[in-house]
Amino acid sequence: MPAATRKKATAEQLLAAAVGAVPGGGERPGQQAMVAAIDRAVKEREHLLVQAGTGTGKSLAYLTPALLVDGPVVVSTATLALQNQLVEHDLPRLAEAVEPVLGRRPTFAVLKGRHHYLCLAKMEHADEEAPTDTLFDDAPPKAQWLGEAGKLGKQIQRLRAWSEKTTTGDRDELDPGVDETAWRQVSMPARDCVGAQKCPYGAECFAEASRARAREADIVVTNHSLLAVDMLADRHIVPPHKLLVIDEAHELADRVSSAAQAELTPDAIERSSRRAKPFIPPATAEQLAEAADALTVGLAETPAGRLTGGLPDLLRQSVTLLEAGTRAGLTAIGDIKGDDPDPVRKQQAKASLSDLSDTAQRLLEESDFDVAWVEKSDLGSGRRALVVAPLSVAGTLAQGLYEDRTVVATSATLTLGGRFDTVARSLGLPASAPVVPSARSAVAETAAPGSLTAGAPPTSGDGWTSLDVGSPFDYPKQGILYVAAHLPRPAASGLPDAAGEELLRLVEAIGGRTLGLFSSRKAATQAAELLRARTDLPILLQGEEALPLLVRKFREVKESCLFGVMSLWQGVDVPGEACQLVVIDRLPFPRPDEPLAAARSAAVDAAGGSGFASVSVPIAAIRLAQGVGRLIRSTGDKGVVAVLDSRLETARGYGAFLRKSLPPFWYTTKPEVALGALQRLGKS
């Protein structure tokens, strides 16, 4: 609809209409403050960080002012669950609710990576009778069971039938789905794509059609991984836009690190060699095979972990061989022309060699800004890789995230120790002034180089504001944070005997209803074995069944307990009586053998700072806040968070910092207080 026919509306009017369409919806001060702050940030062209606790309604708070921005607004999420929530529920309901106010019906689209869409060029050859090397081009080069090949053939036949009727080619619309091996035969990673102009199916390309829809939509929903790739690709993927909303913003830096990470494996070299074989001389193919063999030997001889003294000789020799072989292969392939007999497969071969060449050169450079390590699976014959990743992505974010657009970053955990500084720096922003404590102040803090006065306008284009809108939950009345300060400081891995006994007492007091968040799989298993031996409660252990099934059982059986590791710290949403005790076995500091965290910590130490305080403590603070946040999910929830790590109380400096990063629960270190509260809850 032309702009002249649109009604003039305010963000507040749109929010009122949107909230009115939500069953049981009502005014929330934090939500209103967030809408006003985003509206102001867009008008002032300044970036904004918003901490919005669970229950704030932050999705509507950023979607409603977004509808007043000209051109597409991009919303990026970290999890598939939130992306689905936006696309399947929030946006359709919002579009209908605001149409009378806005004078038109807003449109929205989802933007996913190219590999999420069916590729018609690959579909053409997917079910040809071909040697295993070709048919399983993207699969590990191991013998395939005959039954596996038959299953693959049936799945590809179903994909072919689906390809003739689908209008989007989106994998998520395929029901029932297919496994990864089958999907790889009919999808095209971005690096392998020859481009619409050179592809014989360019005019019918599903991925190109999805991008065209995104360019015309009011709101485009994407994910952090694709946003990271877009930044690294000079922003050629996501459509041009004036406003970018980053939900679950505490996850972005890690996703950018993953996107900028590269690795070498013998299997990858062998696959690349097979792809390139029709286009390169036999001598070059032999050179690549020698490089794969040399890398196999080098990885076998090198212990897992960070490479602090440069590449060992065997690995250096293998990477040097690979760099020479890929360079020769790329020269032999040359440019890809429109009249090539098979441009798609030629592009796949070239892209594969190019990736290996870039990674080999990066490893040989041994830049101070990169970290390299050897990765090995726990299984003796499992995966082995030589990996390289950036020491920091703050510079990448500072250069690629903020130019020519306003960025609103939001999450339930953006302040650490009561300040935005740490997360802001990780997102490539300068340090800030003291945080505004809540929406009640109605004034966001402002921070800019040269002007760090709260409430003052920024003095340069690098300015940003921040706001903590608080939470609708009454944490001191709804929950207790109990720290078992009497327990010994945790030392060895696993669950110490004293902590196990404390866990048993707590769980028995409430009669189940417990989510156990553990620092290791060993500790979670020990806890499950202990409670199974000493109680009759149903104990669910992550890894024994699919996680969605475990969560459903935990939700439905009130007496059950669910124990698991890091993926449970963020991914479980169980309001009500099913989850009234959250137990955390120890503070979630990064392990000493985590290469990136260790390298970043060492770099801070070398510069005269404290790597532990600057790297390990902030990581633990975010993880701990996410875990503690599993307890109170609605205004009617009540319960106890029990931390079995005495350091949260006794550690000087970081103990208080970590507690200040958590919701303001009623705090105690007295076991009898926690047990009494749990017993009362258990009787309710």
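These figures come from a predicted structure and were not determined experimentally.
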Would L264 and L356 count as a side-chain contact (heavy atoms from CB on, under 4.5 Å) here? Give the steps. CA-CA 7 Å; L264 296 178; L356 293 176; 3.7 Å; yes
Between [X] and [Y], which heavy-atom pair has the shortest distance, and what is it?
X: I38; Y: A61; value: CD1-O, 3.6 Å
X: V110; Y: Q83; value: CG1-NE2, 3.8 Å
X: L48; Y: A41; value: CB-CB, 4.0 Å
X: A249; Y: L414; value: CB-CD2, 4.2 Å
X: G113; Y: L226; value: N-CD2, 3.9 Å

For E88, does the CD atom have more than 12 heavy-atom neighbours from other residues, nucleotides or ligands under 6.0 Å away? yes
Heavy-atom side-chain contact between [X] and [Y] under 4.5 Å:
X: T326; Y: S272; value: no
X: P303; Y: V374; value: no
X: T359; Y: L322; value: no
X: T320; Y: R316; value: yes
X: L288; Y: L353; value: yes

Is there a side-chain contact (heavy atoms from CB on, under 4.5 Å) between I584 and W569? Walk through the geometry before answering. CA-CA 9 Å; I584 294 173; W569 290 60; 3.4 Å; yes
Steps toward side-chain contact (heavy atoms from CB on, under 4.5 Å) verdict (R633, T54): CA-CA 7 Å; R633 309 301 296 175; T54 304; 3.6 Å; yes
Is there a donor-acceptor pair closer than 3.5 Å between any side-chain N or O of [X] and the backbone N or O of [Y]?
X: R255; Y: A228; answer: no
X: H47; Y: V407; answer: yes
X: S352; Y: Q348; answer: no

With a 4.0 Å cut-off, would you call [X] and [Y] a salt bridge?
X: K112; Y: D172; answer: yes
X: R383; Y: E263; answer: yes
X: R171; Y: E180; answer: yes
X: E208; Y: R114; answer: yes

Show your reasoning for whether side-chain contact (heavy atoms from CB on, under 4.5 Å) applies to V221 and F108. CA-CA 8 Å; V221 180; F108 55 91; 5.6 Å; no
Could you please spell out the steps behind the side chain to side chain donor-acceptor pair (under 3.5 Å) verdict for Q85 and S59? CA-CA 10 Å; Q85 172 70 26; S59 296; over 6 Å; no
Does N223 have any side chain to side chain donor-acceptor pair (under 3.5 Å) partners at least two apart in sequence or in another chain, and if so, which?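 Here no residue qualifies.
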Check whether the side chains of D585 and S519 place a donor and an acceptor atom closer than 3.5 Å, and report yes or no.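 There is such a pair between these side chains.
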Report the C-alpha distance between Q361 and S357 in whole Å, list the side-chain angles of each, state the deciding distance to 0.1 Å, and finish with yes or no for side chain to side chain donor-acceptor pair (under 3.5 Å). CA-CA 6 Å; Q361 291 177 38; S357 180; 3.1 Å; yes
If you look only at pairs with a residue in residues 612-629, which of them pass as a side chain to side chain donor-acceptor pair (under 3.5 Å), with sequence neighbours excluded? H250-Q626, T413-Q626
